[in-house]
Amino acid sequence: MSNDKTVPAALLRMHFHDCFVRGCDGSVLLNSTKSNQAEKDGPPNISLHSFYVIDVAKKQIENMCPNVVSCADILALAARDAVTLSGGPYWAVPKGRKDGRISIASETRQLPGPNSNISQLQQSFSQRGLSLDDLVALSGGHTLGFSHCSSFRNRIENFDSKNDVDPTLDASFAANLKKICPVKNTTENAGATMDTTTFLFDNAYYKLVLQKKGLFSSDSNLLTNSRTKTLVSNFANSQHEFFKAFADSMIKMSSISGSGQEIRRDCRFVN
């Protein structure tokens, strides 16, 4: 973190993307081979980074205590530490995950996308044993990090037949996003931060969603359901409530069981 401030957001997202495909089994860490495109090379995962953080931890743990701690567990612990070190809550991570041997790029299509509506989000989460309350709490992970223009461009140009810009977006916020992401965008890696306190884990995200300044459609769509809207308000008003709910939901999410069978020696390759 002291070398690269973007590491916490990367690790939190990596853990989420691991758990939502084949459960929390470290399958997102596996490299592609000649005969198989792995999850990390699926479209939603191209921008995942900081895999080296897990490699370094794994190497040190293997030296001290070989063949005991899975890559999946290391990733779950790293995601927790990323949150805590960014000013967020601490929680005890249940351990004992096993590493999976299967990783398929096309299965990353199962990940909920930035344009999902509330029913798509609800379905995606409930299929994994997570509730609407978990959805709202875990969306708060968007307090950390950055998004490329491609994930929200649909909201600021040619939105639909009647509107160029998504009418659920604050007008001045949308105008600013248009400046950052012009139609003929030539700036490589152009994009916007997910909230106003990029590197701080706090409840600013929920305050922005209420002000119609959520970056993704999936953020704004939390206001389209009475239960989720109430929770967004609660978390905007109480960081303490958000932290407690986030920790509880992270424990649930990180316990989605995978089909893992081994303790990988190297997180990038099956044994």
Side-chain angles (χ1 to χ4, degrees), residues 6 8-32 36-51 54 71-72 75-76 78-79 82-83 97 99-155 191-192 194 205 209 214-222 224-225 228 246 249-260 267:
T6 68
L11 294 173
L12 181 57
R13 184 166 180 245
M14 193 187 294
H15 178 45
F16 163 53
H17 284 209
D18 183 32
C19 293
F20 264 59
V21 182
R22 293 188 171 264
C24 312
D25 66 344
S27 54
V28 75
L29 304 169
L30 287 170
N31 281 357
S32 292
N36 178 62
Q37 261 222 318
E39 285 170 36
K40 60 164 68 161
D41 292 316
N45 286 343
I46 297 293
S47 55
L48 288 181
H49 62 93
S50 301
F51 291 101
I54 307 302
C71 297
L75 180 51
V83 168
R97 295 166 194 78
D99 295 320
R101 298 176 57 86
I102 299 167
S103 183
I104 303 166
S106 60
E107 292 185 351
T108 59
R109 274 179 259 177
Q110 302 166 18
L111 288 162
N115 300 329
S116 305
N117 63 36
I118 198 74
S119 60
Q120 291 167 325
L121 291 168
Q122 182 170 18
Q123 184 182 16
S124 175
F125 275 65
S126 71
Q127 281 168 350
R128 291 159 179 86
L130 300 171
S131 67
L132 274 179
D133 293 36
D134 296 317
L135 164 64
V136 181
L138 294 171
S139 293
H142 286 171
T143 175
L144 296 177
F146 170 91
S147 165
H148 292 102
C149 296
S150 56
S151 294
F152 56 85
R153 185 178 290 288
N154 65 303
R155 306 188 72 195
M194 298 295 297
Y205 161 82
V209 170
L215 197 53
F216 296 160
S217 295
S218 58
D219 297 322
S220 300
N221 287 338
L222 296 177
T224 61
N225 167 290
T228 55
F246 185 82
S249 294
M250 280 296 286
I251 291 168
K252 268 177 83 174
M253 186 194 78
S254 77
S255 304
I256 301 173
S257 61
S259 52
C267 293

Could you walk me through whether M14 and V28 satisfy the side chain to side chain contact (heavy atoms under 4.5 Å, CB included) test, starting with their C-alpha distance in whole Å, then the side-chain angles of each, then the deciding distance to 0.1 Å, before giving a yes or no? CA-CA 7 Å; M14 193 187 294; V28 75; 4.0 Å; yes
Minimal heavy-atom distance between S116 and N221, with the atoms involved, is O-ND2, 2.9 Å
| query | Does N45 reach the main-chain N or O of G42 with its side chain, forming a donor-acceptor pair under 3.5 Å? | reply | no
Subject >> Side-chain (K40) to main-chain (L29) donor-acceptor, under 3.5 angstrom >> reply: yes
Problem set entry | Check: S103 main-chain N/O paired with S27 side-chain donor or acceptor under 3.5 Å | no
For a side chain to side chain contact (heavy atoms under 4.5 Å, CB included) check, start with the C-alpha distance between L12 and M250, then their side-chain angles and the critical distance, and finish with the verdict. CA-CA 10 Å; L12 181 57; M250 280 296 286; 3.6 Å; yes
Residues G214 and S220: closest non-hydrogen pair is O-OG, 3.8 Å
Residue pairs passing the ring-ring contact (aromatic ring centres under 6.0 Å, His included) test with at least one member in residues 101-130, sequence neighbours excluded, are F20-F125
Interatomic distance, OG@S47 vs NE2@H17, rounded to 0.5 Å, equals 7.5 Å
- Query: Does CZ belonging to R109 count more than 12 external heavy atoms closer than 6.0 Å?
  - Reply: no
Here the gap from S255 atom OG to R97 atom CZ, rounded to the nearest 0.5 Å, amounts to 6.0 Å
Closest heavy-atom pair, T108 versus P44, reported as atoms and distance to 0.1 Å, is OG1-CD, 3.2 Å
* **Sub-4.5 Å side-chain heavy-atom contact between P112 and F16** => yes
Residues L75 and L11: closest non-hydrogen pair is CD1-O, 4.0 Å
Side chain to side chain contact (heavy atoms under 4.5 Å, CB included), that's the test. Do I256 and L130 meet it? Break it down for me.
CA-CA 9 Å; I256 301 173; L130 300 171; 4.2 Å; yes
Here the gap from K252 atom NZ to C19 atom SG, rounded to the nearest 0.5 Å, amounts to 13.5 Å
Distance col, row I118:CD1 vs N225:CG, nearest 0.5 angstrom, shows 5.0 Å
(message) Between R22 (side chain only) and S259 (backbone N and O only), is there a donor and an acceptor less than 3.5 Å apart?
(response) no
Legend entry - Any donor-acceptor N/O pair, S217 side chain to N115 backbone, under 3.5 Å: no
**Prompt:** Is a side-chain N or O of T143 found less than 3.5 angstrom from the main chain of G140, in a donor-acceptor match?
**Reply:** no
For Q120, is there any backbone N or O sitting under 3.5 Å from a side-chain donor or acceptor partner on Q123? no
- When you measure from the side chain of D18 to the backbone N and O of G26, does any donor-acceptor pair fall under 3.5 Å? yes
To the nearest 0.5 Å, atom OG of S147 lies from atom CZ of R153 at 11.0 Å
Any donor-acceptor pair under 3.5 Å from N36 side chain to I104 backbone = no
**Report entry** Sidechain-backbone polar pair: S32 side chain, A38 backbone, donor-acceptor under 3.5 Å
**Finding:** yes
Heavy-atom nearest pair, C24 first then A72, reads O-CB, 3.5 Å
For S126, the side-chain contact (heavy atoms from CB on, under 4.5 Å) test, sequence neighbours excluded, returns none
In short, L144 meets M194 closest at the heavy-atom pair O-CG, 3.8 Å
### Task
Kindly indicate, with the supporting measurements, whether the criterion side chain to side chain contact (heavy atoms under 4.5 Å, CB included) is fulfilled by L135 and L222.
CA-CA 9 Å; L135 164 64; L222 296 177; 4.1 Å; yes
One should read off an interatomic distance between S257 OG and D25 CG, to the nearest 0.5 angstrom, of 9.5 Å
